[in-house]
Protein chains: 2
Amino acid sequence: MNLKDTRTQILDAAQELIQRLGVNAISYQDISVAVGIRKASIHHHFPTKDDLIATLLDRYNAYFLRLVDNIIAMPIPADEKLRRYCGLFEATLSSGNHDKACLCGMLGAELATLKNPLVERVAVFYRNNEERLATILNEGRNTGVFGFPGDVKAMATLIFSLLEGGILIVRASGGVEQYRAVIEQLMQLVKG
Amino acid sequence: MNLKDTRTQILDAAQELIQRLGVNAISYQDISVAVGIRKASIHHHFPTKDDLIATLLDRYNAYFLRLVDNIIAMPIPADEKLRRYCGLFEATLSSGNHDKACLCGMLGAELATLKNPLVERVAVFYRNNEERLATILNEGRNTGVFGFPGDVKAMATLIFSLLEGGILIVRASGGVEQYRAVIEQLMQLVKG
DNA sequence: GTCTATAGCGCGATAGAC
DNA sequence: GTCTATCGCGCTATAGAC
């Protein structure tokens, strides 16, 4: 199954490019080269760039949150769930041609250049992730594997911020090894 | 002293725009409108866009690191130093017309679109900040005000990542209040 | 040092043939 | 559903008058 329909190929190429370069640095031309069709053909599938980004965000949010919910549903301790959650971001960084950030992390930096249906989709991604993190943190506290002080909600935002921020920061020099060290440090902090 | 020379006005306007919108979303036209001159005049001061960004990065790095070093030199406990360091980022977020991220945080997202003299300047900013943070963390551990587990170097990267990431994330909804809550949570974690 | 004018290019988007 | 061709625009950058 290495022959996907054109629409999917367009979305895949656009996502890869945006995760590496940002939405304001890529064009229909770039995507058309990656897919091997002409840019008029892309306009047939996605009339405007905002149509493409909106579809991309819906697909990304659904895909990523399904992975997260699968982790949460596993019969494993909360610390192992947190580690696997962090692993999703680490996998993003190392996947494909490398140096890919989270799609919504990139769009977060460029947020003020987006129109409103797109801004809301990014905000929803953040909200959903922080909510899932809070679930894991609460479970870990209740079962005694987590002993961190302070507020669960603030802690969830803190973890999400460092995962999104770290994936951007380490691309400048330390790479995935530095990222892994940060996650390891986080695990120690959470256990308290 | 509200009348600066044109060169400084150009740098100020460019910095404000990039911190809000990103380097790939702004143009000489945008800067010229903000300053009130024609874009050909900007090319007189900074022939190419890369010249402008390079100058901007040098100025920003020097300015920010001077603030940090001033904090480190103060005769106050390490936890107070860390709080003030975080305050620099919080002040960035709330300053001017609001929703400004760290200049190098924005460029970190767009890093793969930058040419090499600029990439290196961003990497240096990261390195210098993590080094300063490590200094504060070591001091806090030695004086007993910090009790966090794990490695100082990893902890410095973790803190820098969450400050850079958080400033991007909270712009989507929670704003500066959410940012303050994250910093407060961090302070509790560091004290251990 | 600032201006007008323009070159040269890439962009998003559309029309219409096949 | 993909193509060629093209429109109109904004971009970086330059030339040359004042």
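Throughout, a chain's letter reflects where its sequence line sits, starting with A, and its residues are numbered from 1.
Dense packing is recorded around CG of B/N142, with more than 12 heavy atoms of other residues, nucleotides or ligands lying under 6.0 Å away.
A donor and an acceptor atom, one from each side chain of B/D5 and B/T8, are located under 3.5 Å apart.
Here A/I26 lies in heavy-atom contact (under 4.0 Å) with sugar-phosphate atoms only.
Residue A/L57 is tested with A/L114, A/V124, A/V122 for a side chain to side chain contact (heavy atoms under 4.5 Å, CB included); the sole match is A/V122.
For DNA chain D, the span of nucleotides reached by chain A at under 4.0 Å from its heavy atoms goes, 5' to 3', from D/dG1 to D/dT4.
Between the NE2 atom of B/H43 and the P atom of C/dA5 there is a distance of 17 Å, given to the nearest Å. For the pair A/I42 CD1 and C/dC11 P, the interatomic distance rounds to 11 Å; values are reported in whole Å. Atoms CG (A/N24) and P (C/dG10) sit 19 Å apart, rounded to a whole Å. Distance CZ (A/R38) to C1' (C/dG10): 15 Å, rounded to an integer number of Å.
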task: Evaluate the criterion ring pair (Phe, Tyr, Trp, His ring centres under 6.0 Å) for residue pair B/F160 and B/Y85; output intermediate values, then yes/no.
output: CA-CA 10 Å; B/F160 186 65; B/Y85 178 81; 7.5 Å; no

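Sorted by first and then second residue, the salt bridge (charged side-chain N to carboxylate O under 4.0 Å, His left out) pairs with a member in residues 24-53 of chain B read B/D50-B/K115; sequence neighbours excluded.
With salt bridges taken as basic N to acidic carboxylate O contacts below 4.0 Å, none links A/R20 and B/E110.
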